Amino acid sequence: MMDGTLLSTRPDPVRDLARRFAGTAAEHDREGSFPLENIAALREAGMLGLTVPAEFGGAGTELAEAARIVGTIAEGCPATALVLAMQFIQQRGVARSAAIPRAVRARLAEGAVKRGEVMNALRVEPELGTPARGGLPATVARRTADGWSLTGRKIYSTGSPALDWGLVFARTDEEAPRTGLFLLPMRAPGVRIVETWDQAGLRASGSHDVLMNEVLIPDDHALDLRVPEDWNGRDADAAAWNTLLIAALYTGVARAARDWLIRFLRNRVPANLGQPLATLPRMQEAVGRIEALILTNERLVGSAAREETTAAELGLVKTVAAENAVAAVQEAVALCGNHALARSNPLERHLRDVLCARIHTPQPDAALLAAGRAALLPI
């Protein structure tokens with residue numbers, strides 16, 4: 001492979017895509033460019049509608065298999081894997097939501113299955129931060145004669161260059177404001193993408209700002225409106241998909257780092273040693289530690305995806321998996337020394353990418369607090 005990873009050669013269309021995406025991942029990372037060709041390849045492979053339930057024409061792919069797919073794609077290009085993870089989560093979530101009119105759900109499902117339309121939630125704002133921490137959004141939906149008008153700014157809008165639909169978290173301008181999701185056609189007049197994404201990791205994810213200036217949408221595009229306090233309860237199914245797909249994604253990054261390291265250690269023959277670094281017990285022990293971290297993640301995600309798991313436990317799985325993935329990549333970097341920190345070395349990119357694992361909801365402090373409360377209270 002062009003970046004030196006050791007993706008399996010077994011026939012597997014998902015691995016074939018990952019291998020293909022790995023060939024351009026470094027270029028997109030350097031340029032901060034969005035891999036539109038990867039999204040087109042996922043569309044052509046019929047993967048963008050996999051989690052749409054069978055009743056709406058989709059494959060109804062279950063969580064364990066979705067996690068495997070996301071983790072495998074992440075070995076090649078984690079930015080592409082993040083867009084795919086969000087697509088899996090949002091398409092499934094919308095299709096199974098009884099609060100959304102069936103006709104709207106069917107329309108969006110058909111778009112994903114037949115045309116490969118891409119959707120993601122647009123929730124985070126400059127002042128609000130993540131809605132998971134509470135607070136009213138600044139994005140406002142105002143009533144019009146035929147529906148609604150949306151005005152606001154969303155940040156960290158992953159996949160924005162490829163999105164057909166945005167699920168906008170906004171508040172109404174009613175005397176007693178409601179909050180909820182509004183379906184935004186991303187090519188509607190008044191929608192503008194501002195290319196602000198310039199982070200250290202996942203540089204190719206296209207997580208730019210989306211500006212809405214009096215964007216008119218039909219009445220049925222108000223998908224789910226509630227008084228703010230009614231959003232306090234967590235959907236256990238949605239929490240499982242969010243946490244486990246993210247855990248699988250960054251485990252995929254750790255596997256890519258491990259695979260590059262293995263190749264390096266097998267091929268590196270220092271003159272004073274006269275044999276590959278892979279023959280040294282110290283290197284074997286260190287790689288064993290990396291294997292243990294990755295195996296732990298794979299077993300954690302796999303069991304949580306197949307068994308009933310509480311919200312507190314899911315937060316811990318995501319937190320532990322994130323820390324394990326970071327530790328695995330850091331171990332690989334430490335073993336390679338200066339080689340690993342060269343901009344031309346995939347390990348340098350994998351390190352920057354895996355550090356993003358800690359940013360996703362739930363953040364470590366929130367996950368640990370929830371688990372501690374669950375264990376300690378009530379007294």
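Since the structure is predicted, the reported quantities are computational estimates derived from the model, not experimental observations. Values below: every heavy atom of this structure, side chains too, minus hydrogens, waters and symmetry copies.
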Fill in: Pair Arg96 + Asp237, salt bridge at N-O below 4.0 Å
yes
Fill in: Short side-chain to backbone donor-acceptor contact, Trp241 and Ala85, under 3.5 Å
no
Worksheet item: Taking C-beta and beyond as the side chain, do Glu298 and Thr251 meet within less than 4.5 Å on heavy atoms?
Response: yes
Item to complete: Take Arg143 and Asp219 through the salt bridge (charged side-chain N to carboxylate O under 4.0 Å, His left out) test and state the conclusion after the steps.
Response: CA-CA 9 Å; Arg143 268 289 190 187; Asp219 188 61; 2.5 Å; yes
Worksheet item: Between Trp148 and Phe182, is the ring centre distance below 6.0 Å?
Response: yes
Worksheet entry | Exam field: side chain Arg258 to backbone Ala254, donor-acceptor pair closer than 3.5 Å | no
Fill in: Side chain Arg306, main chain Gly302, donor-acceptor under 3.5 Å
yes
Worksheet item: Are Tyr250 and His360 close enough that their ring centres sit under 6.0 Å apart?
Response: yes
Worksheet item: Are any side-chain N or O atoms of Glu125 and backbone N or O atoms of Thr139, one a donor and one an acceptor, separated by less than 3.5 Å?
Response: yes
Worksheet item: Is there a donor-acceptor contact under 3.5 Å from the side chain of Ser97 to the main chain of Gly93?
Response: no
Discussion item. Taking Glu75 first and then Arg19, would you say they form a salt bridge - that is, a charged N and a carboxylate O separated by under 4.0 Å?
Written reply: no
Worksheet entry | Validation row, ring centre Phe264 to ring centre His339 under 6.0 Å | yes
Worksheet item: Hey, does the side chain of Ser157 reach the backbone of His208 with a donor-acceptor pair shorter than 3.5 angstrom?
Response: yes
Worksheet item: Would you say the side-chain atoms of Thr61 pair up with the backbone N or O of Leu50, donor to acceptor, closer than 3.5 Å?
Response: yes
Practice prompt. Please confirm whether the backbone N or O of Gln275 pairs with a side-chain atom of Thr279, one donor and one acceptor, at under 3.5 Å?
Written response: no
Worksheet item: What is the minimum heavy-atom distance between Lys154 and Leu122, and which atoms define it?
Response: CE-O, 3.3 Å
Item to complete: Carefully, step by step, assess Arg107 and Glu110 under the rule salt bridge (charged side-chain N to carboxylate O under 4.0 Å, His left out).
Response: CA-CA 5 Å; Arg107 188 191 324 156; Glu110 180 181 344; over 6 Å; no
